[in-house]
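Report on the structure given below.
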Amino acid sequence: MKPDLFQAPDYYNIDDLLTEEHLMVRNAARDWVKKEVSPIIEEAAQKAEFPKSIIGGLAEIGAFGPYIPAEYGGAGLDQISYGLIMQEIERGDSGVRSTASVQSSLVMYPIWKYGTEEQRKKYLPKLATGEFMGSFGLTEPDHGSNPGGMTTNFKDKGDHYLLNGAKMWISNSPFCDVAVVWAKNEEGRIHGLIVERGMEGFSTPETHNKWSLRASATGELIFQDVKVPKENLLPNKSGLGAPLGCLDSARYGIAWGAIGAAMDCYDTALRYAKERIQFGKPIAGFQLQQKKLAEMITEITKAQLLALRLGQLKNENKATSAQISMAKRNNVDMAITIAREARQMLGGMGISGEYSIMRHMMNLESVITYEGTHDIHLLITGLDVTGISAFK
Ligand code: TGC
Ligand code: FAD
């Protein structure tokens with residue numbers, strides 16, 4: 001892969017709206033990605049391997065639990081810092097950001113918000129350092145967009161719960177030490193359970209042959225009469241709102257992360273267009289290519305402002321789920337559109353692993369699907385503005 005010459009676009013001087021702490025956190029993540037992710041990520045994606053060697057570094061830049069309080073090992077940062085970290089990591093690769101999103105928002109967050117003090121103390125510090133890696137099991141083979149229909153279930157057996165069912169498309173599953181699993185009790189109420197690797201009847205087969213998110217490990221979570229200790233139930237929230245509350249946090253991070261992927265594609269295409277000579281001049285001098293670049297920087301700037309405002313609302317605990325859906329949908333769509341345009345600007349080189357664009361483009365096909373598809377988020381906005389559900 002080419003050396004990483006990334007220069008972040010900031011067309012509206014948005015850095016001026018960030019605090020010293022935001023800039024420090026963002027720059028540390030940016031430097032780390034350049035040094036530790038860029039040199040290895042292409043090979044990892046080509047080999048379809050999650051690069052476990054970067055787990056310690058992710059922990060050091062605060063990517064595991066950025067907003068989890070320091071007393072539990074988290075970085076104790078605000079929501080904008082969390083977003084900026086996700087942006088920088090996804091500038092490197094969406095699959096690496098996935099690993100961080102799952103660890104922070106889908107594993108640490110529910111343990112922190114819905115767990116007991118004992119559960120927080122037992123799991124959070126180890127998840128923050130990457131000693132434990134986590135996964136989040138909501139999606140099932142027959143229930144993706146409609147998680148409320150899940151059939152994974154647990155029965156009260158007196159001194160333990162007996163868990164049965166299967167989850168699929170689970171990020172980090174093949175190597176996770178713990179899984180936060182959503183299942184129905186005998187009354188059909190959804191609860192979260194912490195399942196640990198090594199529990200009898202629990203297996204995590206890997207899903208192969210993905211063309212997207214190749215540097216992230218994806219797999220299943222299978223439960224065959226797994227005896228889960230009663231103290232592993234997350235007691236402080238139940239119902240579908242519990243897992244959806246975690247998704248709010250992860251979707252918010254994705255709204256920022258997608259900007260990173262878009263910035264990398266734009267920056268790569270801009271540099272290439274200035275250097276590539278056809279018909280006796282740089283292709284950046286042709287109006288059609290300028291249209292692409294001008295529209296890219298316009299859309300990136302709009303997405304940056306959307307994410308920043310959402311971050312301010314999150315910091316004030318005022319962001320609604322529907323606002324988060326709008327930002328996730330808009331920013332991922334913006335990023336995938338830019339990736340496709342940028343890929344074309346590189347001509348044949350656009351499909352080569354020498355450049356990051358095709359990898360981003362393929363990754364974003366997962367990002368636009370997971371954490372609620374593009375269409376599901378549109379329906380969430382539709383419901384919010386009309387008051388009428390078009391889901392069912
Ligand atoms: P509905 O009746 O609307 O709601 C059920 C209950 O949940 C509450 N609620 C929320 N709570 C918090 N945050 C949200 N975003 C919420 N949305 C809804 C709601 O108030 C209600 O509460 P209560 O107390 O009244 O019971 O539910 P529904 O069955 O009609 O479904 C709504 C729908 C379709 C929007 C929802 O199910 C949905 O978002 N579907 C998409 C599924 C999804 O996003 N799955 C993601 C799986 S995890 C993943 O992809 C990780 S990828 C990780 C990575 O690698 O980065
Ligand atoms: P379906 O729900 O079958 O949807 C198929 C199509 O139908 C979509 O276009 C959808 O928009 C459309 N559709 C569905 N319902 C409606 C409706 N009411 N109106 C209009 N259109 C509709 N899940 C986890 O729990 N944990 C993870 O860690 C995780 N990681 C993932 C990693 C990857 C790489 C991928 C690809 C997925 C991951 N997922 C994870 C699963 C992901 O959240 C689901 O794939 C996603 O929610 C969509 O579900 P589905 O694939 O079953 O599609």
Side-chain angles (χ1 to χ4, degrees), residues 48 50 63 86 89-90 93-107 109-110 113-114 133-150 152 166-174 176 179-183 188-190 192 204 206-221 237-255 257-258 319-326 328-329 332 362-384 388-392:
F50 170 68
M86 295 300 120
I89 297 175
E90 192 147 2
D93 190 80
S94 303
V96 178
R97 197 268 308 133
S98 262
T99 293
S101 290
V102 170
Q103 185 87 343
S104 298
S105 290
L106 300 183
V107 179
Y109 176 86
K113 279 284 172 186
Y114 314 147
M133 293 302 291
S135 70
F136 175 90
L138 181 64
T139 305
E140 299 186 349
D142 295 328
H143 301 96
S145 298
N146 174 27
M150 70 175 67
T152 298
K167 303 287 178 179
M168 79 178 292
W169 293 118
I170 307 303
S171 301
N172 298 356
S173 113
C176 70
V180 170
V181 177
W182 300 94
R189 183 97 184 144
I190 294 171
T204 61
E206 184 158 1
T207 301
H208 295 288
N209 300 331
K210 291 181 299 169
W211 284 116
S212 173
L213 231 64
R214 288 171 63 80
S216 161
T218 313
E220 297 167 62
L221 302 173
K237 188 155 170 115
S238 64
L240 187 58
L244 290 177
C246 308
L247 296 186
D248 277 353
S249 177
R251 291 167 176 174
Y252 165 75
I254 292 172
T320 66
S321 299
Q323 286 170 332
I324 294 168
S325 278
M326 180 187 281
K328 190 269 184 185
R329 179 175 186 273
V332 177
M362 294 193 300
N363 282 342
L364 288 162
E365 293 291 345
S366 288
V367 183
I368 205 164
T369 301
Y370 65 36
E371 300 273 3
T373 65
H374 189 62
D375 286 344
I376 288 293
H377 287 296
L378 177 127
L379 295 178
I380 291 172
T381 306
L383 166 60
D384 197 47
I388 305 166
S389 170
F391 290 110
K392 298 167 191 165

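Everything numeric in this text was worked out from a predicted model, so none of it was measured. No hydrogens, no waters, no symmetry mates; every other heavy atom, side chains included, goes into these values. First listed ligand is number 1; within each ligand, the first listed atom is number 1.
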Quiz item: Does at least one non-hydrogen atom of S321 fall below 4.0 angstrom from an atom of ligand 1?
Solution: yes
Where on [X] is there a heavy atom closer than 4.0 Å to ligand 1, on the side chain, on the backbone, on both, or on neither?
{"X": "T99", "answer": "neither"}
{"X": "S98", "answer": "both"}
{"X": "L213", "answer": "neither"}

Practice problem: May I ask you to check whether S98 and Y370 show a side-chain donor-acceptor distance below 3.5 Å? | Solution: yes
For [atom], which of [options] has the closest heavy atom?
{"atom": "atom 17 (N) of ligand 1", "options": "L244, L240, L138", "value": "L244"}
{"atom": "atom 49 (C) of ligand 1", "options": "E90, R97, E371, Q103", "value": "E371"}
{"atom": "atom 33 (C) of ligand 1", "options": "F391, F136, Y370", "value": "F391"}

Practice problem: For ligand 2, note which part of S145 has a heavy atom under 4.0 Å away: side chain, backbone, both or neither. | Solution: both
Look only at interatomic distance and state if [X] has a nitrogen or oxygen under 3.5 Å from any nitrogen or oxygen of ligand 1.
{"X": "R251", "result": "yes"}
{"X": "P147", "result": "no"}
{"X": "T139", "result": "no"}

Practice problem: Provide, to 0.1 Å, the distance between atom 8 (C) of ligand 1 and the closest protein heavy atom, together with that atom's residue and name. | Solution: G241 CA, 3.9 Å
